[in-house]
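Below you'll find the structure, written out as structure tokens, and then a few comments.
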Amino acid sequence: MQLSLLDVASPEDGPRTRVDELRRQLEHHNRLYYVLDTPAITDAEYDALFRELQRLEEQYPDLVTPDSPTQRVGGAALEKFTPVTHRLPLLSLENATNAEEIREFDLRVKKVLGLPQDEAISYICEPKMDGLAVELVYEDGLLTVASTRGDGVTGEDVTENIRTIRSLPLRLSGESVPGLLEVRGEVFLSLDAFQKINAEKEENGEAPFANPRNAAAGSLRQLDPRITARRPLSLYCYAPGVAEGADFLSQQEFFAALAGWGLPVNPLVRPAVGIEAAVAYYDEMQQQRESLPYEIDGTVIKVDSFALQGELGEKSRSPRWAVACKFPPRQAVTVLEDILLSVGRTGVITPVAQLRPVEISGVTVSRATLHNWDEIALKDIRIGDTVVVERAGDVIPAVVRVLPEKRTGAEQVAFPPEKCPECGSAATRIADEVAVRCMGLACPPQIRESIAHFASRNAMDIDGLGDKFVEQLLSLGLVQSVADLYYLTRDDFMRFERMGDKLASNLLGAIEASKQRELGRLIFALGIRHVGERTAKALAQAFGSLENLEKATFEELVSIRDIGATVAQSIRSFFDNQANIDVIQRMLAAGVTPTEEKKKVGGRFSGKSFVFTGALTRFTRDEARQMVEDEGGNAVGSVSRKTSYVVAGEDAGSKLNKARELGVTVLTEDEFITLLEPAD
DNA sequence: TAGCCTCGAGTTCA
DNA sequence: CTCGAGGCTA
């Protein structure tokens, strides 16, 4: 395996042979250096080989290939990152924070699989790198696309930056390279690299990065890959995406295949038979944590067998076959100086802790949400207390507990407000609810936040209209409700502070553009209580137009999946309020025309709703719902006059009776299947 | 009626 | 990210 500088082809053998040879050697030494950590040549020798290759490629441009080591650093900077939609979404993991929760995970796995509790499942354990998830796509062995995780469905194209990672092969080596291979991995910075980068930053008088993860994120998001190339990022691969022409039956086989192709895998990955071995691994990694050359924030336990993984399946955002075992987050002690009150869009008054600024894992924290007064009472948090603070998931600060031994007696107990701190209206706690609400209709922050919500990215997406401008619109009296946005003129905007022609045009353009948004966005934008993004979309699909939704009866609303009495009532009262109708009318009059929601294809069941009841034998409830939705229908939970069909399995009970009472058509499972078959 | 599972709403810092 | 709450299923 050892390659020496002497027993290789000489330049006289022809440039092509030499170029191939140099590439082979450079990749080989890259791997020895970065992956196996056993360099065989000095840096100077490596540089000599690299420069020779560069010279040859300059001389013979025809010989340049995209997987050449010289091509790791691309040319010019990008304008922006292009979005990439992942073929399979990148899910997140459920968390466990201690051994007990890890054991609960194991019990859940066995319960779902129907295995006895004393069965020892084969798991794979890995350190959980504190970095950024990416997805790499190799087509016919060649790295073609690398993208960030993004929201799990769509990420950003960071191929040029990923190519600068020296431990990553641009072309897969070894036998039986698959036609298409997607690999998920974690990009991170070693502590050494992190310190080096920060030293450089400080020399240049720039602010240092708070921690290695931020530094890695900053480096990966560089538009100029030449800058990224100077930040020695690393990467470990850990999970497959789509793989065509490769079949691994287990996580272990997958890791072995990765190693065979030259992809970097964390050497600390280890199998564990039975959950106790996995718990031991977790404990062991926690011991080793401080001596590792990179940061980890826990371990990951996965069911080894892909067959079992498939059987366990996924919930909406996380698989049931893996768990992230988090180490206790880094904590800090500080003083809680005050409890501030923040009023949200819905009037909920949330207590926020004002803290004496304290540094936690590189970031200075001065505020932390306290959620509600039950929480404050439960933890017995008082103003003036010395408290332990941590950053949950290393992001959002949270007050964990107080240190009562530090009390002086001067601490003050905080009570829920009786009046809204912003508008002075009565603040009440509705029965059975934890939240305290401001009941004022004209409460300024509520109005400001609801208009900002209307304009926000996932609602009407009025680019540039944030809190700041909404505030000014309100204080200048230019806007009372969201409808007024559509009557603003250029002159109105020019009254703003620091407003130029350009900015005014942009805002007007953004408002104009928002007139045509999908119906679901508009419904979401209205800010009806209990109607978030998902529900709004469901309503848009079910009713097709704002007018239909306005007229919808409580019964009709309840017959929609995931809408129960509470949500239906909330929607009804929103539209029963004349003020709301006026705002909507004024908006429509200004030319707001919601666009059609993308209808599902087929649609033979469109407008039809199905209720499944009793024990189904030919399909599960989920499958049944899927089949109905695929044909454009709704599968709902309860029978009403609006229900088109009730499909009754064995031992159907009250729903079947109700269907008969109301005269709704009742189908057997077989009849339902017949209905599904194409009409012709 | 309990126990999932999802959704909604509020939140931090750079 | 977290908590609370609504809806659905067993």
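The figures here come from the full heavy-atom set of this structure, side chains too, leaving out hydrogens, waters and symmetry mates. Sequence lines set the chain letters: A, B, ... in the order given, protein chains first and strands last, and positions in each chain run from 1.
- Under the 4.0 Å criterion applied to side-chain N and carboxylate O atoms, Lys537(A) and Glu533(A) are not assigned as salt-bridge partners.
- Of the listed residues (Arg108(A), Lys326(A), Lys302(A)), just one forms a salt bridge (Lys or Arg N to Asp or Glu O under 4.0 Å) with Glu94(A), and that residue is Arg108(A).
- We find that CZ of Arg367(A) is positioned 21 Å from P of dC1(C), with the value rounded to whole Å.
- Within residues 95-104 of chain A, no residue approaches DNA chain B, by heavy-atom distance under 4.0 Å.
- With rounding to whole Å, Ile349(A) atom CD1 is found 12 Å from dG10(B) atom P.
- Thr535(A) has a side-chain polar atom (N or O) that falls below the 4.0 Å cut-off from OP1 or OP2 of dG8(B).
- Nearest nucleotide to the Thr346(A) side chain, out of dG6(C), dC13(B), dA9(B): dA9(B).
- For Val567(A), the listed nucleotide lying nearest its side chain is dG7(C); candidates were dG7(C), dC13(B), dA9(B).
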Stepwise side chain to side chain contact (heavy atoms under 4.5 Å, CB included) test for Phe574(A) and Ile584(A): CA-CA 11 Å; Phe574(A) 181 89; Ile584(A) 291 171; 4.2 Å; yes
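- Rounded to a whole Å, the CG atom of Leu378(A) is 14 Å from the C1' atom of dG4(C).
- Interatomic distance, Leu115(A) CG to Asp106(A) CG, rounded to the nearest 0.5 Å: 10.0 Å.
- Atom P of nucleotide dT9(C) and atom CG of Asp562(A) are separated by 9 Å, given to the nearest angstrom.
- Within the structure, side chain to side chain donor-acceptor pair (under 3.5 Å) contacts touching residues 344-356 of chain A (residues at least two apart or in different chains) are Glu337(A)-Arg356(A).
- A salt bridge links Asp374(A) to Arg429(A): one of the charged nitrogens lies within less than 4.0 Å of a carboxylate oxygen.
- At whole-Å resolution of the value, CG in Leu370(A) and P in dT12(B) are 10 Å apart.
- When the P atom of dA14(B) is taken as reference, atom CG of Asn198(A) falls 15 Å away, rounded to whole Å.
- The nucleotide whose nearest atom lies closest to any side-chain atom of Ser342(A) is, among dG10(B), dG7(C), dC1(C), dG10(B).
- Atom NZ in Lys379(A) sits about 10 Å away from atom C1' in dC3(C), given to the nearest Å.
- The nearest heavy atom of DNA chain B to Arg437(A) and to Ala353(A) marks one nucleotide each, and the one closer to the 5' end goes with Arg437(A).
- Looking at heavy-atom distances under 4.0 Å, Ala565(A) makes contact with sugar-phosphate atoms alone, never a base.
- Nearest nucleotide to the Ser366(A) side chain, out of dG8(B), dC13(B), dG10(B): dC13(B).
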Tabulate atom names and distances for all N/O pairs under 3.5 angstrom spanning the protein and nucleotides 2-4 of chain B.
none

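- Taking the side-chain contact (heavy atoms from CB on, under 4.5 Å) definition, one finds that Ile447(A) meets it with Ile451(A), Leu474(A), sequence neighbours left out.
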Using distance only, find each side-chain donor-acceptor pair of residues 199-208 of chain A under 3.5 Å and give its atom names and separation, not counting sequence neighbours.
residue   : atom : partner   : partner atom : Å
Asn204(A) : ND2  : Glu200(A) : O            : 3.4

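- As a whole-Å value, the separation of Glu390(A) CD from dT12(B) P is 16 Å.
- Lys379(A) contributes a side-chain N or O that, together with a main-chain N or O of Val399(A), makes up a donor-acceptor pair within less than 3.5 Å.
- Comparing dG4(C), dA9(B), dT12(B) by their closest approach to the side chain of Arg345(A) singles out dA9(B).
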Show me the side-chain donor-acceptor pairs of residues 454-471 of chain A shorter than 3.5 Å, one per line, residues at least two apart or across chains.
residue   : atom : partner   : partner atom : Å
Ser456(A) : OG   : His453(A) : O            : 2.7
Glu471(A) : OE1  : Arg448(A) : NH1          : 3.1

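- The phosphate of dT2(C) has neither OP1 nor OP2 within less than 4.0 Å of any side-chain N or O from Thr369(A).
- Residue Arg534(A) places its side chain closer to dG8(B) than to any other of dG8(B), dT11(B), dG10(B).
- No engagement by Asn214(A) is indicated, since no non-hydrogen atom pair under 4.0 Å with the nucleic acid exists.
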